[in-house]
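Predicted, not measured: the structure shown is a model, and the values here were computed from it. First the proteins, then the strands, lettered A, B, ... as listed; each starts at 1.
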Amino acid sequence: MALYTLKRVGALTPLLVVISFLTFVLNGLSPMDPAEVVLHAQGVPTITDELIAATRAELGMDRPLLIRYGDWLLASLQLDFGDSFITGKPVWSLLGPALLNTMKLTLVSSLFIVVLSIALGVVCALKEGKWLDLSVRGVSFLLTSMPAYWLAALMVWYFAVKLDLLPTSGMDTAGSYVLPVAVIVIGYAGIYFRVIRSSMLSNLNEDYVLYGRACGMSERKLTLYVLRNSLQVAVSVFGLAIPIILGSTVVVENIFAWPGLGTLTVNSILGRDFPVIQAYVLVLAVAFVLFNTVSDVMNAAMNPRLRKEL
Amino acid sequence: MKLLEKLMKDRLAAASLAVVAATLLIGLCAPLVAPHPPNEANMELRFAGASWTYWLGNDHLGRCILSRLIYGIRPSVLWVLAALGAAACFGAALGFIAGYFRGRIDAVLMRICDVMLSFPGYVMTLAIVGMLGAGLTNILLAFVVMKWAWFARVIRTTVMQYADADYVKFAKVLGIGHLGIMKRHIALAALPEISVIASSSFGSMILQISGLSFLGLGIEAPHAEWGMMMNEARSVMFTRPELMLAPGLAIIVVVSAVNFLSDALQKVLDPKLAVSGKRASVRIGGMLRGLRKKEAA
Amino acid sequence: MSLLEVEHLRIWDGRTGVVLVPDSSFRLSQGECLAIVGESGSGKSLTCRALMRLNRSGIRQSGRIILNGVDLAKLSDKELRPYRGRRMCMIMQNGMRAFDPSRPVGAYLLEVLSIHYDWSRSEMNTKLSAAMTSVGLQDPSAVMGRYPHELSGGMLQRVMIALAIVLEPDVIIADEPTTALDAVTQYEVVEQFVQLRGRIGSAIVFVSHDLGVVRRIADEVLVMKEGVIVERGKTSQLFTDGSHPYTRYLVSSKEAIRSHYLQLMGGTDVAEG
């Protein structure tokens with residue numbers, strides 16, 4: 001197992017290097033000179049060419065690309081992403097707490113998504129074609145076609161304004177989790193529910209279920225075995241889900257004024273705060289790769305077929 | 001077109017196709033269909049309800065909501081479709097090169113594909129929009145950058161299969177330009193999977209672009225776009241929630257139609273997928289593809 | 001008295017109402033081997049699964065299935081369960097897919113045995129090892145420790161036969177047990193079935209579309225076409241003078257292939273069976 005884990009991590013390292021390099025190069029694509037952005041942000045009244053040149057030197061932008069990349073990567077590994085152009089504070093002092101807040105939201109939501117989709121997926125697979133299955137599928141289909149922010153707006157309007165039950169923004173109390181989590185769960189549970197359901201169904205149709213039944217095994221036990229085999233797929237899917245949800249809370253955070261990554265990123269994009277954007281992309285890419293590896297390793301631990309192959 | 005015939009037998013799919021086609025048509029002919037210019041402000045009609053001249057009422061600047069909805073099809077749906085087309089062409093070209101020449105070009109291109117496919121799409125979009133600045137063009141560009149790898153993969157595999165097919169070898173022996181033959185066959189053979197990929201990403205892209213506009217990262221202010229309309233309605237969300245209704249429903253209808261169509265297409269193209277659970281791996285592959293649907297919605 | 005009597009078995013699709021097997025009756029006596037032959041889709045598998053009520057939930061069935069005087073059709077699912085495996089044992093077509101992929105084969109076998117017998121663990125192990133050795137599986141304990149994907153189709157087929165030997169059922173139902181195997185393994189597995197008949201007194205229902213195999217192993221043959229039993233009789237008789245045109249067609253096409261094969265192989269009968 002340790003060897004397998006090492007191999008997976010080894011395979012992903014080049015990927016991380018490529019991604020970080022892309023992230024870095026993206027910076028160079030910007031039509032606006034970062035030096036100009038910094039000067040604007042500092043409120044310098046007249047921007048002269050000398051000033052720009054001086055700022056560029058200050059930012060270290062006159063050196064060759066690869067050297068700058070190397071420096072940036074080394075610094076990034078120590079969580080030093082430079083200073084924000086807008087506030088002048090170190091990027092990590094902004095990003096760190098925001099990441100933590102978003103993680104909280106993501107983990108709580110993921111937990112509900114996992115529980116809800118497994119429960120619904122299993123029940124619907126066992127009741128395939130019955131009204132319960134059909135109605136859950138119909139509703140989930142509709143919900144996946146719904147823009148998250150629209151749903152969020154509706155829910156805010158109804159629960160927070162009409163009924164005055166829940167807070168509309170911030171993350172001060174446990175109650176403030178309810179609406180954002182609900183929106184994320186509603187948006188995603190449908191997809192993962194479908195994954196579990198089809199995985200269950202395909203396993204239920206396998207010959208080993210028939211043979212087990214023919215050998216006199218009880219339905220309850222067979223269902224358990226099918227569930228275990230279906231969850232192997234689920235583990236890898238959920239492993240991937242966490243970083244996807246992590247990144248896509250942008251809209252939800254924005255609506256509920258959640259002080260997380262999404263809010264920070266949107267503000268940074270609007271303010272052209274490149275170091276923050278860069279750090280955001282890198283952090284999420286790393287998170288993605290990390291969760292990917294974790295889910296692969298967990299999957300291998302559960303699935304003997306994969307383990308032996310490597 | 002056997003495919004179309006089969007698709008039409010599924011009533012839901014036929015209805016979805018009709019909705020999508022109608023939306024595209026209305027969007028194309030927006031100036032002819034829309035009852036009013038979309039940006040014509042009329043402060044006297046602020047927040048006016050539905051009337052015979054303004055079927056869906058007016059927004060906070062007194063603009064005709066129906067007209068804005070109709071013009072909104074262009075960025076929300078038509079441009080997304082164009083970006084999808086561009087991604088498909090770009091991906092197809094690169095995939096063809098990779099599959100045809102193989103060797104080092106193939107290896108390099110496929111490595112790039114791997115990176116693109118493993119990188120979460122929404123982060124890519126945000127990164128590109130972040131670096132190039134907010135705006136519709138940059139989002140569309142990000143879509144092309146994000147999606148081409150999917151198409152490149154499919155085309156490459158098909159090219160490789162067909163390059164080894166007997167009749168292509170036969171054509172080679174006969175001295176007929178087999179490049180021409182392959183182009184024809186590959187286009188036909190790859191069409192099913194391409195259409196499934198395209199249709200399943202289409203819905204997610206519509207959701208994404210409107211989401212970004214809603215955040216203010218998309219289209220510029222006066223232009224009509226569905227996400228933008230909701231962004232504008234947001235400031236009066238508590239007093240006039242009904243303004244959120246029309247654009248939101250428009251998105252839901254179009255996206256569900258696209259998704260239904262995509263599902264139906266998948267079923268028609270691969271009937272086994274729909275019937276038995278025997279091909280679990282294929283299904284799960286399809287589902288993972290489906291997962292990406294939601295990425296930044 | 002017959003061991004197993006099937007009377008007026010009717011199988012239909014509960015959703016569409018399409019009748020798949022309209023009315024089948026047959027009987028099986030102690031130690032006899034009955035082969036059911038026919039093309040794929042002729043209702044062979046449906047029929048033998050119906051004996052243990054194993055068809056998927058959309059498929060309905062009626063008729064009497066009497067095993068040792070007990071009408072299985074009248075039993076509830078719970079009452080039927082002890083019969084499955086213990087009294088009637090199934091051997092599946094594809095060994096590679098018949099076992100739970102995430103458990104070692106041995107764990108599966110022990111679980112099945114513990115459902116039907118109160119043997120101790122070591123007792124089960126001894127019996128399984130003996131049975132496995134007898135079907136030609138060297139090193140039974142290694143096989144038991146393996147996951148299904150680590151064994152070949154032929155080996156898994158033997159594992160199923162070994163399990164049947166230990167369970168000592170009244171009837172063994174083999175649903176195309178040789179179809180998924182290559183020619184050599186096929187031959188070996190058929191040999192195992194032949195020996196099995198000599199070793200335990202179980203009756204066998206052997207479903208196949210391979211007449212060569214059937215000729216080698218069966219006492220009696222049922223020929224099915226589109227859900228209907230079109231002909232039945234002693235094996236030897238059926239092969240020499242089948243009366244139904246379909247039987248003659250099956251036999252002649254088999255003979256044609258065989259003689260063509262023999263011609264190609266220079267007249268030596270290599271793969272008899």
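- The environment of CZ in R60(C) is sparse: at most 12 heavy-atom neighbours from other residues, nucleotides or ligands sit within 6.0 Å.
- For the residue pair N229(A) and P101(C), the shortest heavy atom distance occurs at ND2-CD, 3.8 Å.
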Y225(A) vs E111(C), side chain to side chain contact (heavy atoms under 4.5 Å, CB included): CA-CA, chis, key distance, verdict: CA-CA 12 Å; Y225(A) 295 141; E111(C) 188 189 336; 2.4 Å; yes
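- Screening L54(C), D100(C), L163(C) against Y211(A) for a side-chain contact (heavy atoms from CB on, under 4.5 Å) leaves a single residue, L163(C).
- Your options are G216(A), G212(A), G129(A), and the one with the most heavy-atom pairs under 4.5 Å with chain C is G216(A).
- With a 4.5 angstrom heavy-atom cutoff, R86(C) does not touch chain A via any of its atoms.
- Nearest heavy-atom pair across S102(C) and R228(A) is OG-NE, 3.7 Å.
- In plain terms, the two heavy atoms of M217(A) and R81(C) that are nearest each other are O-CD, 3.7 Å.
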Decide yes or no on side chain to side chain contact (heavy atoms under 4.5 Å, CB included) for R49(C) and L210(A), but give the supporting numbers first. CA-CA 10 Å; R49(C) 285 182 192 180; L210(A) 182 67; 3.4 Å; yes
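- Of the two parts of M160(C), the backbone and the side chain both hold a non-hydrogen atom closer than 4.5 Å to a non-hydrogen atom of chain A.
- At a 4.5 Å heavy-atom cutoff, Q93(C) makes no contact with chain A through either its backbone or its side chain.
- Both the backbone and the side chain of M90(C) come within contact range of chain A, each with at least one heavy atom under 4.5 Å from a heavy atom of that chain.
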